[in-house]
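Each remark here refers to the structure printed beneath this line.
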2 protein chains.
Amino acid sequence: MDTLQNMRAFSCVAEAGSFTAAAVQLDTTTANVSRAVSNLEAHLQTRLLNRTTRRIALTEAGKRYLLRCEQILAYVEEAEAEASDAHARPAGQLKVHTMTGIGQHFVIDAIARYRKTHPDVTFDLTLANRVPDLLDEGYDVSIVLASELPDSGFVSQRLGITYSIVCASPAYVKANGAAQKPSDLLNHACLRLVSPVIPLEKWAFDGPDGQETVTINSSPFLVNSADAMKTAITSGMGVGVLPVYAAIEGLRNGTLVRVMPNYRSQELNLYAIYPSRQYLDAKIKTWVEYLRGSLPEILAAHQAELVAYELTGSLAGVRVAN
Amino acid sequence: MDTLQNMRAFSCVAEAGSFTAAAVQLDTTTANVSRAVSNLEAHLQTRLLNRTTRRIALTEAGKRYLLRCEQILAYVEEAEAEASDAHARPAGQLKVHTMTGIGQHFVIDAIARYRKTHPDVTFDLTLANRVPDLLDEGYDVSIVLASELPDSGFVSQRLGITYSIVCASPAYVKANGAAQKPSDLLNHACLRLVSPVIPLEKWAFDGPDGQETVTINSSPFLVNSADAMKTAITSGMGVGVLPVYAAIEGLRNGTLVRVMPNYRSQELNLYAIYPSRQYLDAKIKTWVEYLRGSLPEILAAHQAELVAYELTGSLAGVRVAN
DNA sequence: ATCTTTGTTACGGTTAACGAGATAATCCCT
DNA sequence: AGGGATTATCTCGTTAACCGTAACAAAGAT
């Protein structure tokens, strides 16, 4: 028995003052309306309407119940409107997780731009270098860098491709020379980036002769942040692998130089991960759509700038959008 | 789709943290609970729960909707409790109509006694000498005096039998003599009681020779209240027909005398009329039951007192209960 | 790696919901 | 006062929805 439906019928009868009028209003038959009220009365074991075939009158219990019904129906409508709204209009808080480097360099800017078109969406951004449990930690969206698509049951959208390059400080290169190929790195002080998505000891490169791997056994320095790594490299501690986005600024202003320019790390994919595709919240949907629309371009611009740097020996004249 | 049932399921799942646990709690199958939540989500076009096979987590929309659901379910429960209560526990206002004479002499006392056992019932009593439209005027119960059961669609319960007798003042009898049979009345000043339940001009009597009718063509006095009629008779204006309950006090204290003691008016039935027998309000049910339990006895006592008066020539020694 | 637990989906049988027509009862109009 | 019209309810046959069983898929736990 659909109590809400019966309540609607009862309320409509009380308002219209007639079963037939209520039936017309509800686009159903009088039999139906009659049954609805009868069911309600049977369920409550209470007479709600005194009726002859010609007129109806609410009982005292009916009057009271009617008030409650109307309130309840209004609440239900309100709740449904609000819930449906979540699907239609982007609003509310968006809990986003992202890996620290990406977060610093792309996500915060992206949030700022996204909020210009969707000011009703607020953000709770968490930067952490791990792949989170979306359900346990309550994230709506996670932005992760990974070599391949994670096989969790969640929905993944690829936001673009990036890679890392080997860098050192000009002073380090001057003092220790520049490696020309991966195996040369064994003779250098290799600073290692600790990250869940790239192997710590095995460094894989794509070079002119295909993929080459070198195993780094020892390191004077380990750190889990790409920006900290950049600072470490800049200070001349050794050579290190840096994501393009973390290296580009240093290359621009000359505090970093790229070594082994023919080699780059294996490509990494940037993914947005979220729990479900069904009945997706508007804020999640629009946010992921925005990322898909803006991030690939920005990543590509960085890479284009890097290529231009390789060609011209300097970054002068090439400006990045954003 | 029973939205309330789905809400209960959803609420239960959210509370229990598992579909299976909710199914146990609701005494149904997991499949059912799963469908309930799915239906809700489909209806709202909004994801309420993010779920893997192992864990579930509310979405933001789900959290908000859950709060609403719990509130709504509480309201529904409250409304149902209140409405069902009307059937179980006598309380609230009882709107009663009664004919004036009966009301004065029996109903007010009955209300006072009834309320000793049901103090939560309040009364709205209307005295009027007409058969009301229960629906239009919103009466719960009407107490009417009629020669035969009214054929309206309402429920009638007989509360007892009464009749009227012909009375005059001792002074009037001394001056004008006492009528011995109905036809004698034509030579007397006949005071007439205007009432919807007894004919105005045709007075019907049950006497030793069966029913006799006399037509009263003119009258010095018409009034619509039995008590006013009693006062008129007492003051010696003429002879009149008085209901037993209105006459007894006068007979007791000697301000009235009965004429034609072998004749009485046609018996009149006292009825309680109320709109419905189905899912009757507790206050209506108990009230009518109380009337049925107490009124016949009181009416019979009056009549017994009257018979005793006829036999002994006085009312001394016979006391009426109440 | 296998087993257990858990949520979802598919299927089939039962149930109830629905609409049309019949019925009874009341009101309005003549 | 009586007949027509309106109105709520009842009945019945059809249909669609619901429910439980069971197979399936996925995620922890051992």
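Order of the sequence lines fixes the chain letters, A, B, ..., with proteins taken first and strands second; residue numbering starts at 1 for each chain.
To the nearest 0.5 Å, the span separating CG on A:Leu134 from CZ on A:Phe154 amounts to 5.0 Å.
Ring geometry for B:Tyr290 versus B:Trp287: interplanar angle under 30°, hence parallel rather than tilted (30 to 60°).
Between the side chain of B:Asp281 and the backbone N or O of B:Ile284, no donor-acceptor pair lies under 3.5 Å.
Residue B:Ser38 is classed as having no contact, given no heavy-atom separation below 4.0 Å to the nucleic acid.
Nucleotide C:dA17 holds its P atom 13 Å from the CG atom of A:Leu40, rounded to whole Å. Regarding B:Asn6, its CG atom lies at a distance of 13 Å from the C1' atom of D:dA17, rounded to whole Å. Spacing between atom CD of B:Gln5 and atom C1' of D:dC19 amounts to 13 Å, rounded to whole angstrom units.
Remark on DNA chain C: of its neighbouring residues B:Arg35 and B:Phe19, the 5'-side contact belongs to B:Phe19, judged by nearest-heavy-atom nucleotide.
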Donor-acceptor list for residues 62-79 of chain B side chains, cut-off 3.5 Å, not counting sequence neighbours:
{"from": "B:Arg68", "atom 1": "NH1", "to": "A:Glu78", "atom 2": "OE2", "distance (Å)": "2.9"}
{"from": "B:Arg68", "atom 1": "NH2", "to": "A:Glu82", "atom 2": "OE2", "distance (Å)": "3.1"}
{"from": "B:Glu78", "atom 1": "OE2", "to": "A:Arg68", "atom 2": "NH1", "distance (Å)": "2.9"}

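A salt bridge links B:Glu41 with B:Arg51; the closest basic N to acidic carboxylate O contact falls under 4.0 Å. Under the 4.0 Å criterion applied to side-chain N and carboxylate O atoms, A:Glu60 and B:Lys283 are assigned as salt-bridge partners.
Residue side chain B:Arg55 does not reach the base of C:dG7 through any donor-acceptor N/O pair under 3.5 Å, judged by distance alone.
In this structure, B:Cys190 and B:Ser219 approach most closely via the heavy-atom pair O-OG, 2.5 Å.
Contact check of residues 57-66 of chain B against DNA chain C (heavy atom, cut-off under 4.0 Å) returns no residues at all. At a non-hydrogen distance threshold of 4.0 Å, B:Thr30, B:Ala31 from residues 24-33 of chain B come into contact with DNA chain C.
Between B:Leu159 and the options B:Val144, B:Leu145, B:Leu295, a side chain to side chain contact (heavy atoms under 4.5 Å, CB included) holds for only B:Leu295.
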